Amino acid sequence: QLQLVESGGGVVQPGTSLRLSCAASGFTLDYYAIGWFRQAPGKEREGVSCISSRGGSTSYAASVKGRFTISRDNDKNTAYLQMNSLKPEDTGVYYCAAVRFTSRRRVSILAADFTSWGQGTQVTVSS
């Protein structure tokens, strides 16, 4: 059974960093693009970043570009989201998701494109 488990969330002050992890079990990540999404209270889920299954292509939402970095380690069956210079508006539940696109270069930050989801990890940025 395909399973994704996020970890690494927490409560941090503005300007600091966090690294989220997304561990897969029941399948190998090699052929799956991985996306990170977040949902703030009262708001819709938004796409944050995506990395292609080969790892050579990435995509970021404008609000996080230059601050967040997505990566993957297929040997560890894990993907990561390094979040630097965190802002209060980055607060929310962060989800990772996986999808097997036909093209191994394809990326997307549209939630509707993804087929498997984790349960989420809470990130709170507050002074």
Side-chain angles (χ1 to χ4, degrees):
Q1 183 180 356
L2 241 95
Q3 190 172 16
L4 297 169
V5 178
E6 303 92 338
S7 61
V11 180
V12 296
Q13 292 190 336
T16 60
S17 300
L18 276 177
R19 188 176 82 155
L20 304 183
S21 298
C22 172
S25 61
F27 70 108
T28 58
L29 278 181
D30 293 39
Y31 292 93
Y32 288 79
I34 301 297
W36 283 97
F37 298 81
R38 66 187 181 189
Q39 188 165 18
K43 294 188 177 181
E44 292 190 357
R45 190 171 299 190
E46 65 169 333
V48 174
S49 184
C50 180
I51 187 167
S52 63
S53 62
R54 280 185 173 171
S57 300
T58 57
S59 177
Y60 295 93
S63 58
V64 306
K65 194 171 290 186
R67 298 188 297 123
F68 290 11
T69 303
I70 192 170
S71 62
R72 62 191 298 152
D73 185 340
N74 286 349
D75 289 340
K76 294 183 178 180
N77 226 26
T78 301
Y80 305 94
L81 185 68
Q82 178 67 43
M83 305 186 296
N84 298 331
S85 302
L86 283 162
K87 304 176 181 180
E89 51 263 44
D90 294 318
T91 294
V93 179
Y94 281 70
Y95 301 88
C96 68
V99 60
R100 187 164 178 167
F101 289 130
T102 302
S103 168
R104 296 197 65 190
R105 297 188 188 91
R106 183 177 171 186
V107 290
S108 170
I109 54 172
L110 295 176
D113 285 339
F114 288 78
T115 54
S116 300
W117 291 82
Q119 294 300 305
T121 185
Q122 176 71 45
V123 172
T124 302
V125 185
S126 174
S127 55

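Remember, predicted model here, so these are calculated numbers, not experimental data. For this chain, numbers begin at 1 and follow the sequence in order.
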Peer 1: Check Val48 against Val64 and note the closest heavy-atom contact, atom names and distance.
Peer 2: O-CG2, 3.6 Å
Peer 1: Answer whether the closest heavy-atom distance between the side chains of Tyr60 and Ile70 falls below 4.5 Å.
Peer 2: yes
Peer 1: Could you state whether Met83 and Val5 fall into the same hydrophobic cluster, counting links through intermediate Ile, Leu, Val, Met, Phe, Trp or Tyr residues with side-chain heavy atoms under 4.5 angstrom apart?
Peer 2: no
Peer 1: How many angstroms lie between atom CD of Glu46 and atom CD of Gln39, to the nearest 0.5 angstrom?
Peer 2: 9.5 Å
Peer 1: More than 12 heavy atoms of other residues, nucleotides or ligands under 6.0 Å from CD of Glu89: yes or no?
Peer 2: yes
Peer 1: Any side-chain heavy atom of Leu4 within less than 4.5 Å of one from Phe27?
Peer 2: yes
Peer 1: Could you tell me whether Gln122 atom CD has more than 12 heavy atoms of other residues or ligands within 6.0 Å of it?
Peer 2: yes
Peer 1: By salt bridge (Lys or Arg N to Asp or Glu O under 4.0 Å), which residues pair with Asp30, not counting sequence neighbours?
Peer 2: none
Peer 1: Considering non-hydrogen atoms only, spot the tightest contact between Ser17 and Asn84 and give its length.
Peer 2: OG-OD1, 2.9 Å
Peer 1: What are the two closest heavy atoms between Gly9 and Thr121, and how far apart are they?
Peer 2: N-OG1, 3.2 Å
Peer 1: Donor-acceptor pair, Asp73 side chain versus Thr78 backbone, under 3.5 Å?
Peer 2: no
Peer 1: Can you give me the closest heavy-atom contact between Ser63 and Arg38, atom names plus distance?
Peer 2: OG-NH2, 3.4 Å
Peer 1: What are the two closest heavy atoms between Leu81 and Ser49, and how far apart are they?
Peer 2: CD1-CB, 4.2 Å
Peer 1: Please name the pair of heavy atoms, one in Arg72 and one in Leu29, separated by the smallest distance, quoted to 0.1 Å.
Peer 2: NH2-O, 2.6 Å
Peer 1: Tell me yes or no: between the side chains of Ser53 and Arg104, is some donor less than 3.5 Å from an acceptor?
Peer 2: yes
Peer 1: Is the backbone N or O of Ser52 less than 3.5 Å from a side-chain atom of Ser57, with the two atoms forming a donor-acceptor pair by type?
Peer 2: no
Peer 1: Donor-acceptor pair, Thr115 side chain versus Ala98 backbone, under 3.5 Å?
Peer 2: yes
Peer 1: With a 4.5 Å cut-off on side-chain heavy atoms, are Ile34 and Phe114 touching?
Peer 2: no
Peer 1: Looking at side-chain heavy atoms only, is the closest gap between Ile51 and Val107 below 4.5 Å?
Peer 2: no
Peer 1: Taking the side chain as every heavy atom from C-beta outward, state whether Arg45 and Trp117 have any atom pair closer than 4.5 Å.
Peer 2: yes
Peer 1: Are Phe37 and Phe101 connected into the same hydrophobic cluster when the rule is that any two of I, L, V, M, F, W, Y join if their side-chain heavy atoms are below 4.5 Å apart?
Peer 2: yes
Peer 1: A side-chain contact here means heavy atoms from C-beta on lying under 4.5 Å apart; do Pro14 and Pro88 qualify?
Peer 2: yes
Peer 1: Do Leu2 and Tyr32 make a side-chain contact, defined as non-hydrogen atoms from C-beta onward lying under 4.5 Å apart?
Peer 2: yes
Peer 1: Indicate yes or no: at least one non-hydrogen side-chain atom of Glu6 is less than 4.5 angstrom from one of Leu20.
Peer 2: no
Peer 1: What residues, two or more places apart in sequence or in another chain, satisfy salt bridge (Lys or Arg N to Asp or Glu O under 4.0 Å) together with Arg67?
Peer 2: Asp90
Peer 1: Please answer: with hydrophobic residues joined when any side-chain heavy atoms are less than 4.5 Å apart, are Tyr80 and Tyr95 in the same cluster?
Peer 2: no
